[in-house]
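Values reported hereafter were calculated over all heavy atoms of this structure, with side chains retained and with hydrogens, waters and symmetry mates removed. Every chain is numbered from 1 and lettered A, B, ... according to where its sequence line falls, protein lines coming before strand lines. This structure is a prediction, so every number in the text was calculated from the model and none was measured.
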Amino acid sequence: MAYDPTEIEPRWQKYWLERKTFSVEIDRSKPKYYVLDMFPYPSGDGLHVGHPEGYTATDIMARYKRMRGFNVLHPIGWDAFGLPAEQYAIKTGTHPRITTQRNVENFRRQIQSFGFSYDWSREIDTTSPEYTRWTQWIFCKLYERGLAYQAEVPVNWCPELGTVLANEEVIDGRSEVGSHPVVRLPLRQWMLRITDYAERLLEDLADLDWPEPIKKMQREWIGRSEGARVRFALADHEDTTIEVFTTRPDTLFGATYMVLAPEHELVAVITRDDQRSQVEAYVNRTQSRSERARLADAEEKTGVFTGAFATNPVNGEAIPIWIADYVLAGYGTGAIMAVPGHDERDYAFAKTFDLPIIEVVSGGDVGHAAHSGDGVAVNSDFIDGLATPEAKTRMNIWLEERGLGAATVTYKLRDWLFSRQRYWGEPFPVIHLEDGSTALVPEDDLPLTLPELDDYRPSGDDFEAPLARVRDWIETLDPATGRPAKRDANTMPQWAGSCWYFLRFLDPHNDNEPWDQEAERYWMPVDLYVGGAEHAVLHLLYARFWHKVFFDLGLVHTKEPFAKLVNQGMILGESFRYYDDDISDLGDPGVRRFSADQIELGEDGPVAKDGGGALKVRWLNHADVVIDKESGAVHHPDFPDLTLERVVEKMSKSRGNVVSPDDVVQAHGADSMRLYEMFIGPLEKAAPWSTEGIMGIYRFLQRCWRLLLDDTSGEERLRELVDGPGTAKQARLRAQTIAGVTEEIENMRFNTAISKLMVLVRDIAKDAPLPREAAEALVLLLAPLAPHLAEELWQRLGHPDTLAYEPWPVADESLLVDDEITIVAQVNGKKRDELRVPKDATRDQIEALALASKRVQSHLGGREPKKIIVVPGRLINIVG
RNA sequence: GCCCGGGUGGCGAAAUCGGUAAACGCGGGCGACUUAAAAUCGCCUGGCCACAGGCCGUGCAGGUUCGAGUCCUGCCCCGGGCACCA
């Protein structure tokens, strides 16, 4: 029998499950290691080949750390609330619970078929009442601390999805999910006060072992900005002032006008009657325009004069107050002092409306453009001559002394819009009382479960959630007074469940509290967290926020939940493309076909270079194309003259480049898939799936099998193994491989770890029979990467138990360096010869050997060496 | 527009302390085994030339250095993020 993963793998998967090989409990005699995958959403499509990449990486680390003596927590569960199941329910009437259960089962089956070493006794599901109960309990804690509040806010309403989206879920005025249009509407919503934690969320990033770009994205998202608030008195309203935020208080003398956001509350108050109709028209126009439209023409500044004037506090000058949509209501105070000389946006606005421009910082030419950089203050009375940083400080002091303003810090981060007009989410554990106030549902009554529905559609035009229609659920009694009250028709966003799931894994069946304190103190923080970079700000920021609240509540002992973060790259699909002019898919026999170099991109898509006619893209699968062996060029199977363009991109149904992991497991086994995904390149980097590539890995695993087992006679027998370490060469190769693979796995460089194992398998039994020590080391080193094969071989080597807890092999340090090494001899920086020298050869010995080399001498051409550089153990360079 | 990544053989990549460029794998070529094919095993595989040898070669153009894929300056291309945040 040859190596047969379809027989070996299910057998070992069953073994692990039945024996609970990977179940863990707190064990204070061992160091702990918590390794976590980003919470999967069980979609209807099942896993594609990209999912297992991150899971394989964490599984390798989990298995490796167990062998290194760590007590490893490696759990999995389901982030099972979410839009797709609900949209499916809207279409088919199937309850999302049914869809979700079905999908979870499929995901579990697939994930188990990859042989991941999860502790299945800790499996959780965010939609289960036992989980939802604690999500709601956490909301109560947020509410009690004043971190959850309701507000009438302009929200991102997506008519297509029938819900409100968080700012983070809107990209260029469209929904992140499905790319549907989004409009701004004022609605009463639940908000979470994440802005209270802005400073800590920013500060604590510093100590995290996360990729720098992700930290940077979070820093920019939080957007800390130092400046000053300045109060401007109004010329006609003695009791009213307008406060602005500026990062450049030093330019106050250059403030020649003021701009309010159209939504600013004082707009209606200060507008002069003769300007009112124009102002109102502008406000209405702004409201009705989508964010997208506003952004699209950001170049052109628009605005209207209110007729009112403010007084510049530094010089008493009256400056006009305008409204314009380039000032955002949600940032700072929603009002600015405009300094056209030193701000590009203000400059453009001033030019458009012919407002005065004054230079107050030297170093530029305000006649031609705004000078927004630092310089020296001019035309600025008491700060004249000061450099920008000093001028800022001086102005802040001046303002503070007179009670006109103060130095302050502002953040871009906004409060988190936390309610959705959906059915398939956690209901809010609150009731609305007759007097307009709200109260929490008593803790004993949690979880508050969802009622059954006949119709999952959103209520449409009145912007209400489906739950609003369920009267006997909505209408309830206040348990405190017995008076009528109403439940909240909104549900929480999908992020809620994933904000704390890593804590529930510590103690998943606890009925008394969300997690046990002792378990938290033992297991937290997460030592390694692996997932896609698409969660850079959303999930990772929200989860950090909640964690800090838990910290303040004394529920967790670490400030941060995820000590180390790694983003895996995507597995891409390969497809091949050409173009034709059969735009309406008529199958016209006279159709013209074009290769990539015969077309160009017009405004409405591809057009032919020769005629400019519109073209349609056509895609072919790898299996259907013809590849020229000589040149590597790819051709259409039916039209050999048509050269196809290779395109590597995200897998999608429309491209026909999706690879199913079920097919891969069936054809080559889970071990091959795991190894292949790790072998194609660094974990962080995106790489294309290749059908040929996995064959190479499959062959390698077969070689491992045959190295230990003799299957020529038809009954696979263990080969005769030489006891002990074998020859000196074999012992050295074994030691070098152990040292190399250990180092690579520690740094999660699995691709090079695998290549080192390939070298071992290739060379270990080349000149002498395989020694037992080498065979056992190979199997143990292979175990984290290809666990099924390793378990099988381990058993055949005579070990009755799983190797999951076998000690990791140790390299004999003394064997790591050869006695004789190769040194490169260079002449003037170019390699000319190689020298074999003892590993501890002296500088003089190497020099003598190099100068004795014929090749070196011929390239020196009789010249005297001017300088000789010796790099110990590496090379000698003779300059002459 | 701004900010991050990244450009190395036909392909995925390695070289991460400035020190032998291309380890390992795919693809390709040649050979062994075979009636044959598959599988397997062995060797070769960056380009060019006056071919026991030499020249060129890590996106492009320069620079620093005995020595540059690696450091510096300018530019080009690809991927991602942000985008009126005062």
For RNA chain B, report each stem as range with range, ordered by first number, or say none. Use Watson-Crick or G-U wobble pairs under 3.5 Å, at least 3 in a row.
B:1-7 with B:76-82, B:10-12 with B:24-26, B:27-32 with B:40-45, B:46-49 with B:53-56, B:59-63 with B:71-75

Identify whether any heavy atom of [X] sits under 4.0 Å from a base atom; if not, whether one sits that close to sugar-phosphate; answer base, sugar-phosphate or nothing.
X      : result
A:V879 : sugar-phosphate
A:E212 : nothing
A:V759 : sugar-phosphate
A:S690 : nothing

Considering only heavy atoms from C-beta outward, does the side chain of A:M395 approach that of A:K392 to under 4.5 Å?
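No, every pair of side-chain atoms sits at 4.5 Å or beyond.
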
Quick one: does A:Y698's side chain get under 4.5 Å of A:Y3's, heavy atoms only?
yes

Examine A:K301 relative to A:Y326 and say whether NZ or CZ is less than 6.0 Å from the centre of the six-membered ring and inside a 45° cone about the ring axis.
yes

Any ion pair linking A:K412 and A:E220 (charged N to carboxylate O, less than 4.0 Å)?
no

Taking the basic N atoms (NZ, or NE/NH1/NH2) and the acidic carboxylate oxygens, is any pair closer than 4.0 Å for A:R836 and A:E834?
no

Could you tell me whether the phosphate oxygens of B:C66, OP1 or OP2, come under 4.0 Å of any side-chain nitrogen or oxygen in A:K867?
yes

Look at A:Y331 and B:A86 and indicate whether a side-chain polar atom (N or O) is within less than 4.0 Å of OP1 or OP2.
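Checking B:A86 against A:Y331, a side-chain N or O does come within under 4.0 Å of OP1 or OP2.
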
Length of the line joining A:D346:CG and B:A86:P, which is rounded to integer Å:
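Result: 12 Å.
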
To the nearest Å, how far apart are A:N828 CG and B:U65 P?
15 Å

Between B:G57 and B:C48, how many Å separate the two C1' atoms, rounded to a whole number?
10 Å

Pairs under 3.5 angstrom only: tabulate donor-acceptor contacts from the side chains of residues 750-760 of chain A to other protein residues two or more places apart or in another chain.
from: A:T752; atom 1: OG1; to: A:E744; atom 2: OE1; distance (Å): 3.3
from: A:T752; atom 1: OG1; to: A:E744; atom 2: OE2; distance (Å): 3.2
from: A:T752; atom 1: OG1; to: A:R749; atom 2: O; distance (Å): 3.1
from: A:S755; atom 1: OG; to: A:T752; atom 2: O; distance (Å): 3.0
from: A:K756; atom 1: NZ; to: A:E744; atom 2: OE2; distance (Å): 2.9

Spell out protein contact along nucleotides 39-55 of chain B as letters: B when the base is contacted, S when just the sugar-phosphate is, - when no protein heavy atom is under 4.0 Å; keep the 5' to 3' order.
-SS-----------SSS

Per-nucleotide protein contact string for nucleotides 11-17 of chain B (B base, S sugar-phosphate only, - none; heavy atom under 4.0 Å)
SBSS---

Under the ring-ring contact (aromatic ring centres under 6.0 Å, His included) test, residues paired with A:F232 that sit two or more places apart
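A:F232: no ring-ring contact (aromatic ring centres under 6.0 Å, His included) contacts found.
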
Give the C-alpha distance, both sets of side-chain angles, the deciding distance and a yes or no for side-chain hydrogen bond (donor to acceptor under 3.5 Å, both in side chains) between A:S372 and A:Y347.
CA-CA 10 Å; A:S372 55; A:Y347 191 89; over 6 Å; no

Glycosidic conformation of B:G62, syn or anti, with 90° from 0 as the boundary?
anti

Search all heavy atoms of A:M38 against all heavy atoms of A:H535 and return the closest pair with its distance.
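Minimum heavy-atom contact is SD-ND1, 3.4 Å.
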
Answer with yes or no whether A:K301 presents, from its side chain, a donor or acceptor under 3.5 Å of a partner atom in the base of B:C84.
yes

Take the angle between the ring planes of A:W322 and A:F353 and call it parallel below 30°, perpendicular above 60°, tilted in between.
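The rings of A:W322 and A:F353 sit tilted, inter-plane angle from 30° to 60°.
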
Let me check something: any side-chain donor-acceptor pairs from residues 868-876 of chain A under 3.5 Å, sequence neighbours excluded? List them with distances.
none

Counting only side-chain heavy atoms from C-beta out, which of B:G81, B:G19, B:A86 sits nearest to A:S225?
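Among B:G81, B:G19, B:A86, the one nearest the side chain of A:S225 is B:A86.
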
